[in-house]
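What follows is one structure encoded as structure tokens, with my remarks underneath.
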Amino acid sequence: MKILQLHSNFIEYRPIEKEIPSAEETEGRSYRLEDLIVLFTCVEKGDNIEVARRAIEEVKGFLENIKVNRILIYPYAHLSSNLAPPSEALRILEEMRVYASSLGIEAYRAPFGWCKEFSISVKGHPLAEQFKSISPGERAEGGEVVSKALEAEEKIVSHWFIIKPDGSMIPVDEFDFSGHENLKKFAAYEISKVRAVQQTPPHVTLMRRLELADYEDASDPGNFRWYPKGNLIKSLIEEFVTEKVTAYGALKVETPIMYDIKHPALANYLHRFPARQYIVKSEDKELFLRFSACFGQFLMLSDAQISYRHLPLKIYELTHYSFRREKSGELAGLRRLRAFTMPDCHALCADMEQAKEEAIKRFKLSMETLEGIGLTRDDYELAIRFTKDFYEENKDFIVSLVKIFGKPALAEMWDERFFYFVLKWEFNFVDNLDKASALSTDQIDIENAERYGITYVDEKGEKKYPLILHCSPSGAIERDIYALLEKAYRIQKMGGTPMLPIWLSPTQVRVIPVSENFNREAEKIAEELIRRNIRADWDDRPLTMQKKIREAEMEWIPFIVVVGQEEISTGKLAVRDRRIRREQRIRRMSLEELVNEIKKETEGKPFKPLTLPIALSKRPRFYG
RNA sequence: GCCCCGGUGGCUUAGCGGUUAGAGCAGCGGCCUUGUAAGCCGCGGGUCGCGGGUUCGAAUCCCGCCCGGGGCUCCA
């Protein structure tokens, strides 16, 4: 159906003569209507009642906007070369009028099948003239790749339980959540999907104030800019996760970020994955930007020679970036982005026994990863999702995950399998707005080896399809930072001092001279700390010491060293330790003791220098 | 994507039909120079998100778009 929609001061029309034998009967007089929307409407082959109604619903929205409630449906064949038969067209036009009337719109229809003369006066505002095209069964426009999984998921029947570490499985509504408030929030979020908070997420304010990251208007929503401090934190976490995963034995690789949308193995997978893609056009090809490392790794593995002796075979990539063109309303600060950095580790396993064994290793790896980043077991909740069949055959395995986790977990059981996996678990963080987001996750995939032609040769020399585990031990790096910031905010709200883990603090030690006379000493101390691989800087700006301390505190710097005559004479530094409560916050210690304490605190974590000048007067402000 | 809310110097904001749009912070210039969360004075800086409309007159009212937030929905 095509509609030319005109916001008119008036229209006058007069039927002259019948164009077709089936024309409606009508008086030959002139008709005039004022202050209305005229809909020159063309019914096309295949249009149905649903199209008629949808057209009216769209028009109704417009009527409400411009505060008009009168329409004229004017049959107008010239808008299409694919006309519906006249009888059908008449039926649909009449349906439009009746439906409009039922919605309280004052609706008229010009007679069908006549040659008419008309005069019209169209208003001059920008919205006055519009063209609409409505086709039957139309869902998304623009020939976009819409996931079948998205549609399938709407039909999924889920059963919700809480599994306790002792193995008992209790329907969610019978579980006593006392002592498990966070799990209660998480379960409520997952099941009822109801939340009623309306405010900027705390981490968004913090990521800007701390000059970590910000929105970039010139890009697509959900694509962020990262300032030096944010980039440092992000790359430290990336390196930490990479070290963990490679220590676990994964082979680190790199694969392209875009793929041909028409590639046979990929086209199918696209439909099985519930996400929308960015499309890049290149000459006559269309490519989609990856939303995970799956394709690249699967294509690589399908070309590899793999023996049962190599299994379980682990392969890893840190996707910088993965892209998911989430609907604009779903984006939220660092919690939900369109471009994000995600570690993705696949494991090929010979059979379900090996897969379960490997899954347990990865489960532990994920806990160690999150806890290394700076979250504790209290900060995240476990969800396990599986099919009914899988549960019945692998109950012990599911319970063993909960046992390792050590807290009750939310379980979702599906009657049927809609996805490529039979089991999936995630660690979820619940934020200050009671929203839950997945961090670590792993899946047992029973479908993609075959789809991608990934095989291994077993003991008998036969080709077999392995099972594939898909794990992100930390989840998106941006989301880890979101969790750390939300956690810090929560601590502050409860009267504590917010801070980042010391290994992630952009400045670990700030040196402040009591006056300009001690600038030289302050600089020397900062330089010495830097020489010892500690991120130190010094405040050389012409401000009062009090103000410098205040600013250092607002930057969440873990250690502030004030240098004056006393320190020079005694050789002991006055160290303001952020981890300690107000009263005893200042500790006397030597530089050596300070260095050792930081080294001990950050042991086993990667180190990178901060790429900002050591002297604060040389630093630009990126925000505020 | 749909619905609701918002966008005023770099940041936080006042003004919400009627003078040259006002402030704090930051920046710049100067003064001050020893002890743990804001020292003092001065100066510069604004197509009031963008486009259109209404009006004698628009930051202010209307429409569209962009960006952000929230909700629906969805996910790492």
Side-chain angles (χ1 to χ4, degrees), chain A residues 7 61-62 65-67 123-128 130 139-141 144 146-147 149-150 153-154 190 193-201 204-205 208-209 211 214-222 273-276 291-292 319 322 324-333 335-337 340-344 424 426-429 433 435-441 470-472 474-480 482-483 512-519 542-555 560-568 574-576 582 585-586 620-624:
Chain A
H7 184 193
F62 180 71
N65 274 337
I66 60 165
K67 300 189 173 62
K123 292 192 186 269
H125 67 84
L127 288 177
Q130 289 186 10
R139 294 192 69 97
E141 75 259 4
E144 151 180 72
V146 175
S147 159
L150 269 181
E153 186 155 326
E154 287 169 16
E190 283 296 312
K193 314 271 186 189
V194 172
R195 40 265 188 207
V197 198
Q198 187 145 359
Q199 67 177 87
T200 299
V204 171
T205 312
R208 303 169 98 171
R209 222 208 67 218
E211 293 190 297
D214 210 337
Y215 302 107
E216 176 51 72
D217 290 1
S219 183
D220 198 42
F273 201 92
R276 294 176 176 211
F291 44 84
S292 71
T319 68
S322 285
R324 296 186 191 175
R325 231 201 63 225
E326 309 291 6
K327 291 179 272 177
S328 55
E330 293 166 0
L331 301 169
R335 187 169 81 93
R336 194 82 185 275
L337 298 163
F340 54 97
T341 309
M342 197 171 61
D344 203 352
K424 174 191 183 187
E426 317 119 38
F427 290 138
N428 289 271
F429 179 82
L433 272 34
K435 293 178 186 258
S437 334
L439 298 171
S440 322
T441 182
H470 300 237
C471 176
S472 184
S474 63
I477 306 295
E478 292 83 354
R479 195 173 269 187
D480 294 326
Y482 141 84
I512 297 176
V514 289
S515 77
E516 282 173 24
N517 298 331
F518 297 92
N519 277 2
L543 301 171
T544 59
M545 180 203 61
Q546 285 85 344
K547 178 135 187 183
K548 291 177 184 180
I549 289 166
R550 175 180 150 86
E551 292 198 5
E553 293 283 9
M554 295 202 306
E555 273 186 61
I560 301 168
V561 172
V562 173
V563 185
Q565 189 53 53
E566 214 177 311
E567 287 70 30
I568 307 298
V575 179
R576 203 175 149 112
R582 273 231 156 93
R585 190 164 276 181
I586 296 161
R621 261 189 191 244
F622 290 98
Y623 183 86

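In what follows, every chain begins at residue 1, and chains take the letters A, B, ... in the order their sequences are listed. Values below: all heavy atoms of this structure, side chains included; hydrogens, waters and symmetry mates excluded. These numbers come from a predicted model, not from an experiment.
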Pick base, sugar-phosphate or nothing for A/Glu566, based on heavy-atom distances below 4.0 Å to the nucleic acid. base
Within-4.5 Å side-chain heavy-atom neighbours: A/Met545 and A/Val562: yes
Taking atom P of B/G35 as reference, at what distance in whole Å does atom NZ of A/Lys548 sit? 13 Å
Closest to side chain of A/Asn517, choosing from B/U36, B/U33, B/G69: B/U33
Atom C1', compared across B/A14 and B/U8: separation rounded to whole Å: 9 Å
Measure from CD on A/Glu555 to P on B/C11 and round the result to the nearest Å. 19 Å
For B/G71 and A/Lys435 - does any side-chain N or O of the residue sit under 4.0 Å from the phosphate oxygens OP1/OP2? yes
Between CD1 of A/Ile512 and P of B/A38 the distance, given in whole Å, is 12 Å
Take atom C1' in B/A26 and the same atom in B/U12, then report the distance between them in whole Å. 11 Å
At under 4.0 Å, does any side-chain N or O of A/Lys547 touch on OP1 or OP2 of B/A26? yes
Does a distance-only test, which skips hydrogens and angles, find a donor-acceptor pair under 3.5 Å between the side chain of A/Glu516 and the base of B/U33? yes
Just call it for A/Ala476: base, sugar-phosphate, or nothing, with non-hydrogen atoms closer than 4.0 Å on any strand. base
Nucleotide paired to B/C2 in any strand shown, Watson-Crick or G-U, under 3.5 Å: B/G71
Inter-nucleotide P distance (B/G18, B/A59), Å rounded: 10 Å
If you look at every heavy atom in A/Gly222 and A/Leu337, which pair is closest and at what distance? O-CB, 3.5 Å
With sugar-phosphate meaning primed atoms plus P, OP1 and OP2, does A/Ser472 contact a base, only sugar-phosphate, or nothing at under 4.0 Å between heavy atoms? nothing
A/Pro513 and A/Asn519 have their tightest heavy-atom pair at CG-OD1, 3.2 Å
On RNA chain B, compare the nucleotides closest to A/Ala332 and A/Leu543; which residue's is nearer the 5' end? A/Leu543
Spacing of the P atoms in B/G15 and B/U54 (rounded, Å): 29 Å
Just call it for A/Phe518: base, sugar-phosphate, or nothing, with non-hydrogen atoms closer than 4.0 Å on any strand. base
base_contact_polar (B/A37 base, A/Arg585 side chain, donor-acceptor, <3.5 Å): no
Decide, yes or no, whether a salt bridge links A/Glu211 with A/Arg621 under the criterion of side-chain N to carboxylate O below 4.0 Å. no
Scan A/Gln546 against the nucleic acid and name what it touches under 4.0 Å (heavy atoms): base, sugar-phosphate only, or nothing. sugar-phosphate
No-H, no-angle donor-acceptor pair, A/Glu326 side chain to B/G1 base, under 3.5 Å: no
B/A23 pairs with, by Watson-Crick or G-U criteria that keep both distances under 3.5 Å: B/U12
Is the distance from OP1 or OP2 of B/A26 to the nearest side-chain N or O of A/Tyr623 less than 4.0 Å? no
Distance in angstrom units between A/Asp480 CG and B/C75 C1', rounded: 15 Å
Counting side-chain heavy atoms from C-beta on, which of B/U36, B/C74, B/U34 comes nearest to A/Ser515? B/U34
Students often get this wrong, so: under 4.0 angstrom with heavy atoms, is A/Leu337 touching a base, only sugar-phosphate, or nothing? base
If you check every side-chain atom of A/Glu567, which of B/G35, B/A37, B/G70 has the closest atom? B/G35
All heavy atoms of A/Gly475 vs all of A/Pro343, minimum pair found to be O-CD, 3.2 Å
Can you find a pair of side-chain heavy atoms, one from A/Ile512 and one from A/Val563, that are under 4.5 Å apart? no
Looking only at B/G39, B/C75, B/G69, the nucleotide nearest the A/Thr544 side chain is B/G39
Considering only the C1' atoms, how many Å lie between B/G46 and B/U20, rounded to the nearest integer? 13 Å
When we call it a touch if two heavy atoms are under 4.0 Å apart, what does A/Pro513 touch: a base, just sugar-phosphate, or nothing? nothing
Given B/G69, B/A37, B/U34, identify the nucleotide with an atom nearest to the side chain of A/Met554. B/A37
On a whole-Å scale, what distance lies between the P atoms belonging to B/G45 and B/G64? 37 Å
Mark yes or no for a side-chain to base donor-acceptor pair under 3.5 Å between A/Arg550 and B/A38, with no hydrogen or angle criteria applied. yes
d(CZ, A/Arg324; P, B/G1) in whole Å: 19 Å
Quickly work out the A/Ile549 CD1 to B/G39 C1' distance and round it to whole Å. 14 Å
Between B/G68 and B/C31, how far apart are the P atoms? Round to whole Å, please. 46 Å
Tell me: CD of A/Glu216 to C1' of B/G68, nearest whole Å? 13 Å
Pairing of A/Arg209 and A/Glu555 as salt bridge, 4.0 angstrom limit: no
Hey, does the side chain of A/Arg208 come within less than 4.0 Å of B/G10's phosphate (OP1/OP2), counting only N and O? no
Ignoring hydrogens and geometry beyond distance, is the side chain of A/Arg209 in donor-acceptor contact with the base of B/C11 at under 3.5 Å? no
Starting at the 5' end of RNA chain B, which residue's closest nucleotide do you reach first, A/Val514 or A/Ala438? A/Val514
Quick one: label A/Ala552 by what it contacts on the DNA or RNA (base, sugar-phosphate, nothing), any heavy atom closer than 4.0 Å. nothing
For a quick check of understanding: with a heavy-atom distance under 4.0 Å over all strands, which category does A/Gly564 fall into, base, sugar-phosphate or nothing? base
note: A/Phe622, atom CZ; B/A26, atom C1'; distance rounded to Å ~ 15 Å
Do A/Arg576 and A/Glu553 pass the salt bridge (charged side-chain N to carboxylate O under 4.0 Å, His left out) test, and can you show the C-alpha distance, the side-chain angles, and the key distance before you say yes or no? CA-CA 10 Å; A/Arg576 203 175 149 112; A/Glu553 293 283 9; 2.3 Å; yes
Please measure how far the C1' atom in B/G42 lies from the corresponding atom in B/C4, and state the result in whole Å. 46 Å
With heavy atoms under 4.0 Å as the rule, sort A/Arg576 into base, sugar-phosphate or nothing. base
Compare every heavy atom of A/Leu433 with every heavy atom of A/Pro201, then report the nearest pair and how far apart it is. CA-CD2, 3.8 Å
